Amino acid sequence: PVSSTDAAALECAATLAKTDDSGIVISPIDSGTGLPASGPGTRCYHEPDGSGRLVVEYRAVTVGTYAIAVTLNGGRIVSPSADFRAELRHAPPVAANCFMSDQGSLGSSTVAGDDVHFEITARDAF
């Protein structure tokens, strides 16, 4: 490990690239206060406890597999075993964020035994 003084001089950056053909790339943001409240971004920062550790944070808003590239002082960090990857899945639905449509026969007057239909749109916490 490097000293906390030496670590403080390191410049770190992280970029995520979706591994399909969508061309989605999540770039670093210039923020000392954290990731944006919504939307994608990455940031690297020095752990405030003086340990010399660097922390990488990222937020992706599109499900898929991402390759993660991290650089220190402009040089890319590589893993001997494989590229850094993250598999991002949908979060579970949250009932408070879901809604029923007023399309179809919901709320209309029907006869007992008739089908009633409507749509439910599921949303996660994000």
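Remember, predicted model here, so these are calculated numbers, not experimental data.
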Within-4.5 Å side-chain heavy-atom neighbours: Y66 and T19: no
Polar side-chain atom of T42 near backbone of A14 as donor-acceptor pair, under 3.5 Å: yes
Worked check of side-chain contact (heavy atoms from CB on, under 4.5 Å) between C12 and V56: CA-CA 8 Å; C12 175; V56 174; 4.2 Å; yes
Y45 side chain near L54 side chain, heavy-atom distance below 4.5 Å: no
OG1-CG distance between T65 and D20, expressed to the nearest 0.5 angstrom: 8.5 Å
R76 side chain reached by V70 side chain, heavy atoms, under 4.5 Å: no
Single-linkage hydrophobic cluster, 4.5 Å side-chain cutoff, I68 and L72 together: yes
Same apolar cluster (I L V M F W Y, side chains within < 4.5 Å links), V55/L16: no
Minimum side-chain heavy-atom gap R123-F99 below 4.5 Å: yes
Heavy-atom check, side chain of K18 versus side chain of T62, under 4.5 Å: yes
Cluster overlap I26 with V63, hydrophobic side-chain contacts below 4.5 Å: no
Test log, rule side-chain contact (heavy atoms from CB on, under 4.5 Å), inputs Y58 and T15: CA-CA 9 Å; Y58 63 86; T15 303; over 6 Å; no
N73 side chain to E11 backbone, donor-acceptor under 3.5 Å: yes
Inter-residue atom distance R89.CZ - E87.CD, 0.5 Å rounding: 7.5 Å
